[in-house]
Trainee: 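Below: one structure in structure tokens.
Positions are given from 1 along the sequence. Side chains are part of it too, since the values below use all heavy atoms of this structure and drop only hydrogens, waters and symmetry mates. Since the model is a prediction, treat every value here as computed from it, not as a measurement.
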Amino acid sequence: MNSRTAAKRTAMNNRSAEGSEGRKIGIMGGTFDPIHYGHLLAADEAHAAFGLSEVVFIPSGRPPHKANKRVTSPEDRYLMTELATVDCPYFRVSRVEIDRQGNSYTIDTLRALRAMPEYDGAQFYFITGLDAVLDIVSWKNPEEIMAMCRFVAVSRYGYSPKKMEELPEGLRTKIIPLEIPLLAISSTELRERAKSGRSIRFMVPPAVEKFIRKKSLYRNYTEE
Ligand code: ATP
Ligand code: MG
């Protein structure tokens with residue numbers, strides 16, 4: 001059984017175990033600097049595989065793992081996320097992280113969502129790429145995160161699922177792998193392309209491309 005079939009089967013089992021009570025809500029966190037089709041595809045594949053009612057995109061306020069790097073303003077990243085998702089009826093964007101002071105920790109975000117009446121009784125599916133999942137031991141309270149949501153790891157170009165074997169068993173066994181078509185797109189490459197005037201067309205939604213151009217977002221981009 002490949003991982004996609006396994007994920008589908010898990011999704012079906014979960015559905016029957018839960019009955020009709022509790023909506024399934026996908027959570028797609030990211031810096032989204034800028035948001036691109038890799039993010040959108042990951043969210044859409046998880047939506048289909050797990051029967052999610054919606055996927056909430058959560059642009060990070062201050063990503064702790066990017067503390068030494070230059071990151072575009074939260075408002076511009078938020079706006080790009082809105083522009084990218086506006087056409088999809090089951091995608092929404094949350095300001096929960098960008099309106100919060102200090103570092104953006106996933107555990108704090110999950111607790112904040114859990115406390116919202118609109119998500120009362122909902123089952124959360126936290127969606128990340130395989131690269132991010134391999135880093136999970138460095139996150140704040142990973143065990144508690146895993147206890148609060150189903151944790152989905154979508155395939156990402158350049159990262160082997162075999163690497164997951166290196167994770168502590170207690171975390172690894174809770175991760176649900178989901179194989180998706182590989183799009184070798186990263187925000188890092190998009191920033192480099194935008195800076196040097198190369199095309200980012202067909203890698204980001206047209207409105208995001210126009211926004212980047214209009215605001216000259218990455219013209220003077222440097223990593224540090
Ligand atoms: P950067 O290069 O700046 O790190 P990124 O492209 O990795 O940007 P992030 O905002 O860091 O984008 O990623 C948010 C989430 O989306 C992470 O869980 C990441 O693994 C996932 N993700 C990003 N790009 C892809 C892609 N092409 N395919 C699948 N998942 C992706
Ligand atoms: Mg990244």
Side-chain angles (χ1 to χ4, degrees), residues 1-15 17-18 22-32 38-39 41-52 55-69 94 96-97 100 102-115 119 121-180 182 186-188:
M1 187 164 50
N2 66 29
S3 57
R4 192 180 179 82
T5 319
K8 277 195 181 139
R9 190 159 295 181
T10 311
M12 282 188 312
N13 288 344
N14 293 343
R15 220 168 293 169
E18 280 166 12
R23 291 185 308 144
K24 297 176 178 184
I25 305 293
I27 301 170
M28 180 87 202
T31 313
F32 304 137
H39 301 128
L41 181 68
D44 202 40
E45 289 287 294
H47 170 263
F50 300 103
L52 306 179
V55 179
V56 187
F57 286 73
I58 308 187
S60 60
R62 194 167 352 134
H65 61 293
K66 291 181 180 170
N68 305 325
K69 300 201 168 165
S94 166
V96 64
E97 286 200 2
R100 198 168 59 213
N103 281 338
S104 294
Y105 292 111
T106 296
I107 185 65
D108 299 333
T109 301
L110 284 171
R111 286 180 188 145
L113 293 178
R114 185 40 78 217
Y119 296 128
Q123 169 72 63
F124 293 137
Y125 284 72
F126 195 85
I127 306 157
T128 61
L130 196 52
D131 60 310
V133 141
L134 296 174
D135 210 28
I136 183 111
V137 280
S138 72
W139 295 23
K140 189 178 158 194
N141 302 11
E143 286 87 6
E144 196 183 334
I145 292 175
M146 296 283 186
M148 288 185 78
C149 61
R150 300 228 157 90
F151 205 92
V152 180
V154 303
S155 35
R156 183 150 194 196
Y157 179 81
Y159 292 84
S160 163
K162 278 203 165 300
K163 279 287 226 182
M164 284 213 305
E165 289 166 19
E166 293 167 20
L167 290 175
E169 194 182 342
L171 296 177
R172 189 188 66 237
T173 49
K174 299 212 174 83
I175 298 169
I176 309 169
L178 177 65
E179 207 179 311
I180 66 167
L182 292 174
S186 71
S187 300
T188 302

Trainee: Does Glu166 have any salt bridge (Lys or Arg N to Asp or Glu O under 4.0 Å) partners at least two apart in sequence or in another chain, and if so, which?
Mentor: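 Counting only residues at least two positions away or on another chain, Glu166 forms a salt bridge (Lys or Arg N to Asp or Glu O under 4.0 Å) with Lys163.
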Trainee: Walk me through whether Phe151 and Lys174 qualify under side-chain contact (heavy atoms from CB on, under 4.5 Å).
Mentor: CA-CA 7 Å; Phe151 205 92; Lys174 299 212 174 83; 5.8 Å; no
Trainee: Can you tell me how far the CD1 atom of Ile25 sits from the NE2 atom of His47, to the nearest 0.5 Å?
Mentor: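 With rounding to 0.5 Å, CD1 (Ile25) is 10.0 Å from NE2 (His47).
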Trainee: Just to verify, what does Pro161 make a side-chain contact (heavy atoms from CB on, under 4.5 Å) with, not counting sequence neighbours?
Mentor: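 Expected list: Leu130.
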Trainee: Does Arg100 have any side-chain hydrogen bond (donor to acceptor under 3.5 Å, both in side chains) partners at least two apart in sequence or in another chain, and if so, which?
Mentor: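 Per chain and number, Arg100 pairs via side-chain hydrogen bond (donor to acceptor under 3.5 Å, both in side chains) with Thr109.
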Trainee: Considering all heavy atoms of both residues, which atom of Met164 and which atom of Ala153 are nearest to each other, and what is their separation?
Mentor: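 Minimum heavy-atom separation between Met164 and Ala153: SD-CB, 4.5 Å.
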Trainee: Ala42: what forms a side-chain contact (heavy atoms from CB on, under 4.5 Å) with it, not counting sequence neighbours?
Mentor: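 If we apply the side-chain contact (heavy atoms from CB on, under 4.5 Å) test to Ala42, skipping adjacent residues, the hits are Met28, Val154, Ile180.
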Trainee: Go through the steps for Asp108 and Glu97 under the test side-chain contact (heavy atoms from CB on, under 4.5 Å), then give the verdict.
Mentor: CA-CA 9 Å; Asp108 299 333; Glu97 286 200 2; over 6 Å; no
Trainee: Provide the closest heavy-atom pair for Ser104 versus Ser60 in the form atom of the first, atom of the second, distance.
Mentor: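 Shortest heavy-atom contact: OG-C, 3.8 Å.
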Trainee: Among all residues two or more places apart in sequence or in another chain, which pass the ring pair (Phe, Tyr, Trp, His ring centres under 6.0 Å) test with Phe124?
Mentor: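 Ring pair (Phe, Tyr, Trp, His ring centres under 6.0 Å) check on Phe124 returns Tyr119.
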Trainee: For side-chain contact (heavy atoms from CB on, under 4.5 Å), just list the numbers for Phe126 and Thr106, CA-CA rounded to whole Å, side-chain angles, deciding distance to a tenth of an Å, and then say yes or no.
Mentor: CA-CA 10 Å; Phe126 195 85; Thr106 296; 3.6 Å; yes
Trainee: Could you give the distance from CZ (Phe57) to CD1 (Ile27), rounded to the nearest 0.5 Å?
Mentor: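 Rounded to the nearest 0.5 Å, the CZ-CD1 separation comes out at 12.0 Å.
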Trainee: With rounding to the nearest 0.5 Å, note down the distance linking CD1 in Ile176 to OH in Tyr125.
Mentor: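 Between atom CD1 of Ile176 and atom OH of Tyr125 there are 6.0 Å.
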Trainee: Run the side-chain hydrogen bond (donor to acceptor under 3.5 Å, both in side chains) test against Ser187 and tell me which residues pass, sequence neighbours left out.
Mentor: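 Testing Ser187 for side-chain hydrogen bond (donor to acceptor under 3.5 Å, both in side chains), a comparison that skips the adjacent residues, returns none.
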Trainee: Quick one: CG on Leu52 to CD on Glu45, what's the gap to the nearest 0.5 Å?
Mentor: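 Reported to 0.5 Å precision, the distance equals 11.5 Å.
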Trainee: Of all residues at least two apart in sequence or in a different chain, which pass the side-chain hydrogen bond (donor to acceptor under 3.5 Å, both in side chains) check with Ser94?
Mentor: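 side-chain hydrogen bond (donor to acceptor under 3.5 Å, both in side chains) list for Ser94, sorted by chain: empty.
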Trainee: Kindly state each residue pair satisfying side chain to side chain donor-acceptor pair (under 3.5 Å) with at least one member in residues 138-149, sequence neighbours excluded.
Mentor: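 Sorted result for residues 138-149: Arg111-Glu144, Asn141-Glu144.
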Trainee: Any chance you could lay out the side-chain contact (heavy atoms from CB on, under 4.5 Å) test for Leu113 and Ile58, step after step, and finish with the verdict?
Mentor: CA-CA 11 Å; Leu113 293 178; Ile58 308 187; 3.9 Å; yes
Trainee: Partners of Glu165 by side-chain contact (heavy atoms from CB on, under 4.5 Å), sequence neighbours excluded?
Mentor: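 Partners of Glu165 under the side-chain contact (heavy atoms from CB on, under 4.5 Å) test: Lys162.
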Trainee: Under the side-chain hydrogen bond (donor to acceptor under 3.5 Å, both in side chains) rule, collect the residues that match up with Asn103, sequence neighbours excluded.
Mentor: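 Applying side-chain hydrogen bond (donor to acceptor under 3.5 Å, both in side chains) to Asn103 gives Tyr105.
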Trainee: Under the side chain to side chain donor-acceptor pair (under 3.5 Å) rule, what pairs show up with a residue in residues 151-161, not counting sequence neighbours?
Mentor: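 Checked against side chain to side chain donor-acceptor pair (under 3.5 Å) - neighbours excluded - the pairs reaching residues 151-161 are Asp131-Arg156.
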